[in-house]
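Step one of this worksheet: look at the structure below.
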Amino acid sequence: MGSINASVDLRRDGDVAVITVDNPPVNALKHEVRAGLVEAMQQAHDDAAVKAVVIACAGRTFFAGADITEFGKPPQAPSLHDVIAAIEAIPKPVVAALHGTALGGGFELALACHFRVAAPSARVGLPEVKLGLLPGAGGTQRLPRLVGPEKALQIIVTGEPIGAAEARGDGIIDEIVEGNLTAAAIDLARLIVREGRPLRLVRDREEKLIGEGFADAAEALTRRLRGREAPAACVEAVRNAIVLPFDQGLNRESELFRELVAGDQSRAQRHVFFAEREAAKVPDMPDATRPRPIALGAVIGAGTMGGGIAMCFANAGIPVTIVETGRDLLQKGLDRVAANYRTTVSRGGLAADEMERRMGLITGATELEALGGADVVIEAVFEEMDVKKRVFADLDRVAKPGTLLATNTSTLDVDAIARATARPQDALGMHFFSPANVMRLLEIVRGAQTSFESLATAIALGRRLGKVSAIVGVCYGFVGNRMLARRSVETERLLLEGALPQEIDAAVAGFGFPMGPCAMMDLAGLDVGWRIRQGRGEHALIEDALCEAGHYGQKTGKGYFRYEAGSRTPLPDPEVENIILETSSRLGINRRPIGEAEIVERMILPMINEGARILEEGIAARPGDIDVIWVYGYGWPVWRGGPMYYADRLGLGHISDRLTFYADRSRDESLRPAPLLARLAAEGRGFAS
Ligand code: CAA
């Protein structure tokens, strides 16, 4: 008894052996932990004075799963299966004490114990599917035995954790305990021994394995996979729980896990997992930098964007003031927020009283003075430099010292806006994506004079708002929209040369995006870009012609596609086809059929090229930051790992050749491989190197 190794401790509390694991930050089940657990179980097994065992974790959480950094490396015994076998082999009650997030292999380990107690705030889940995997330590066989195949499949295919109360209702957790969790687990273990309760392993339960309804549930859960392989493997494995004996189901689960973990999709998704955590780190930020506290937020502008940002605050429980210039505009904005919440309530996504609570956190005002007490102000007014500068100059007057001053601009020079105040060190960009309360991405734009403290405050705020943050530098369009602009140019060209909107969108959807560029522009509104182009003296012939014909997108029922009343389904539009054909013919272009492969190349490679320029200019610190931006802001298929990761998989040499081909053919020098891309290609390296 005592310390087994640096991560695992075994002590005796009377006749109960208490195994405590401490592997910060999330108690991942790395090799040392597994080895320690097997050794501790063995000692508890052999010690006749031990009548029961408790497994608990120190720190902020029970095991959050296997150690993802070990995937792709040669496996080191003992495996998690060995740990679980050691738990199931012991003829004494084993109680798992769950707090924090018991996820993946951690939850699977708990499922192998006889009993589970949990703190009220604990959550359990099998998020492996988000890493392109399936639960590989018996989760697909044990969970269906505990909660029935349908509920198990839902937990496994969505990867979403459930709270302790729900888990208790489903029979996953035996007891929820307030106060000292380990002490409660020890008490329960003792009670079980005293009562001589029968010890029944989950693997031996069969009564809930009912197959009826499973096929329908599987169909509903896997309807829109867009190329992802893991969910189908999850379905197969859970179905096996119904039709195969336990051990055979377990073997097949292991086989599927091994295939997935070695596959391209999981590798890409693991890359995104780590890139996401890295993107919010600032390489040159001193370790001692601390964020300023945020207790009260303010948003200027009650438009769609401002309202959405205010909802982010309310959803995170932070009181927020929305300031708008006039009563009517303000009321319209607040009504829109309420209507958004009501839709969520009517769809069952939010309780009515919770909506009331959140609306109660949002206050409207028509005077800037109302934001005097705010710790952060996010400006979301009209996208025009003079307007923004005026707002920032006013903020100087009304905001208290140390308030974080953020602009939600998507194109304008953040440094110029910051200079409108006497405290540019407190200013930066916080670029939310529409709809702001839904989209996870937040581009945090670091200005030339932004202080580390301000950056740290924005990053901490982003985290509280549930966003995935990426730090970017100042340039036109920052990272996401700057790359998107390349795709838009190429979309227009493809349309002129011979493709139709439905063909382009089908190719892009086939690549794995939830929607193609034409449907996306219809959603955003074509008139927005049209106005910006007019201001800059620029043209996009087809899109301009569409706007002139009143095709503004979904809001007018017609854009690149037509939309039937009340429907968001894009339908091919003969009128649009005519506009495109006329424009081509006016320019003397001989239209030709363009295949899917060419469309995909031309949609993706110019973006990667722009990404290379962005890296070279230091606008993004790492290629992974760009990947995160595209996955979370623009629907890049996560199983393809983001544009820069995808580029490395494709090979920069190949990309360089193809870009050269397109640059020569179109005589567009911007398609010529960017210097960084050309150099890495010549050296046979990738962006990740
Ligand atoms: N393995 C290795 N490292 C992990 C990890 C894991 N399973 N989970 C988290 N980490 C690391 C993160 O990379 C991060 O490292 P840095 O500080 O160096 O960036 C650190 O732990 C803290 O993580 P977060 O910033 O994400 O912390 P959080 O408090 O916001 O979230 C969490 C905690 C909910 C546990 C979240 O980290 C998470 O979802 N982790 C992944 C859980 C998971 O997918 N588990 C299943 C693993 S696969 C598996 O178990 C296969 C199987 O069936 C056997």
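Remember, it's 1-based here, ligands and their atoms both numbered in the order they're listed. One is the number of the first residue; the rest follow in order along the sequence.
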ask   = Considering only heavy atoms of Phe274, which atoms of ligand 1 have at least one such atom less than 4.0 Å away?
value = 13 (O)
Residue part near ligand 1, for Leu133, under 4.0 Å between non-hydrogen atoms = neither
task = Give a yes or no on whether a salt bridge exists between Asp375 and Arg292, defined as a side-chain N under 4.0 angstrom from a carboxylate O.
result = no
ask   = Do NZ/NE/NH1/NH2 and the carboxylate oxygens of Asp174 and Arg168 come within less than 4.0 Å?
value = no
message = Classify the ring geometry of Tyr645 against His271: parallel below 30°, tilted from 30° to 60°, perpendicular beyond 60°.
response = parallel
ask   = Taking heavy atoms and a distance under 4.0 Å, where does Pro135 meet ligand 1: side chain, backbone, both or neither?
value = backbone
remark   = Heavy-atom proximity to atom 19 (O) of ligand 1 ranks first, among Arg277, Lys281, Glu278, for Lys281
ask   = Among Ala66, Pro127, Gly65, Gly104, whose heavy atom sits nearest atom 6 (C) of ligand 1?
value = Ala66
key: Any N or O of Gly105 closer than 3.5 Å to N or O of ligand 1   = yes
remark   = Under 4.0 Å between heavy atoms, the region of Arg270 that gets near ligand 1 turns out to be neither
query = Tell me the salt bridge (charged side-chain N to carboxylate O under 4.0 Å, His left out) pairs involving residues 54-72, sequence neighbours left out?
reply = Arg34-Glu70
message = Considering Leu131, Asn23, Leu103 one by one, which has a heavy atom nearer to atom 44 (O) of ligand 1 than any of the others?
response = Leu131
task = Quick one: which residue pairs count as a salt bridge (charged side-chain N to carboxylate O under 4.0 Å, His left out) with a foot in residues 232-246, not counting sequence neighbours?
result = Glu236-Arg252
ask   = If you draw the axis of the six-membered ring of Phe274, does the NZ or CZ of Arg270 fall within 45° of it and under 6.0 Å from the ring centre?
value = no
query = Do the ring planes of Phe433 and His431 sit parallel (below 30°), tilted (30 to 60°) or perpendicular (above 60°)?
reply = tilted
Matching residue for Arg142 among Glu88, Glu108, Glu253 - test: salt bridge (Lys or Arg N to Asp or Glu O under 4.0 Å) = Glu88
task = Could you say whether the N/O atoms of Ile68 and ligand 1 ever approach to under 3.5 Å?
result = yes
request  = Would you tell me which option among His81, Glu253, Arg60 has the nearest heavy-atom contact to atom 31 (O) of ligand 1?
outcome  = Arg60
query = Short N/O distance, under 3.5 Å, between Thr69 and ligand 1?
reply = no
inquiry  = What protein heavy atom lies closest to atom 21 (O) of ligand 1? Include the residue and the distance to one decimal.
reply    = Pro25 CG, 3.4 Å
message = Between the side chains of Glu206 and Arg145, is the shortest nitrogen-to-carboxylate-oxygen separation below 4.0 Å, so that they form an ion pair?
response = yes
ask   = Backbone, side chain, both or neither: what part of Phe63 comes under 4.0 angstrom of ligand 1, heavy atoms only?
value = neither
The single option from Leu10, Val21, Thr20, Asp9 passing side chain to side chain contact (heavy atoms under 4.5 Å, CB included) against Ile4 = Leu10
ask   = Among all protein non-hydrogen atoms, which one is nearest to atom 32 (C) of ligand 1, and what is the separation to 0.1 Å?
value = Thr101 OG1, 4.4 Å
query = Considering only heavy atoms, does Val26 approach ligand 1 within less than 4.0 Å through its side chain, its backbone, both, or neither?
reply = side chain
request  = Give the residue and atom name of whichever protein heavy atom lies nearest to atom 42 (C) of ligand 1, and the separation in Å to one decimal.
outcome  = Ala64 O, 3.3 Å
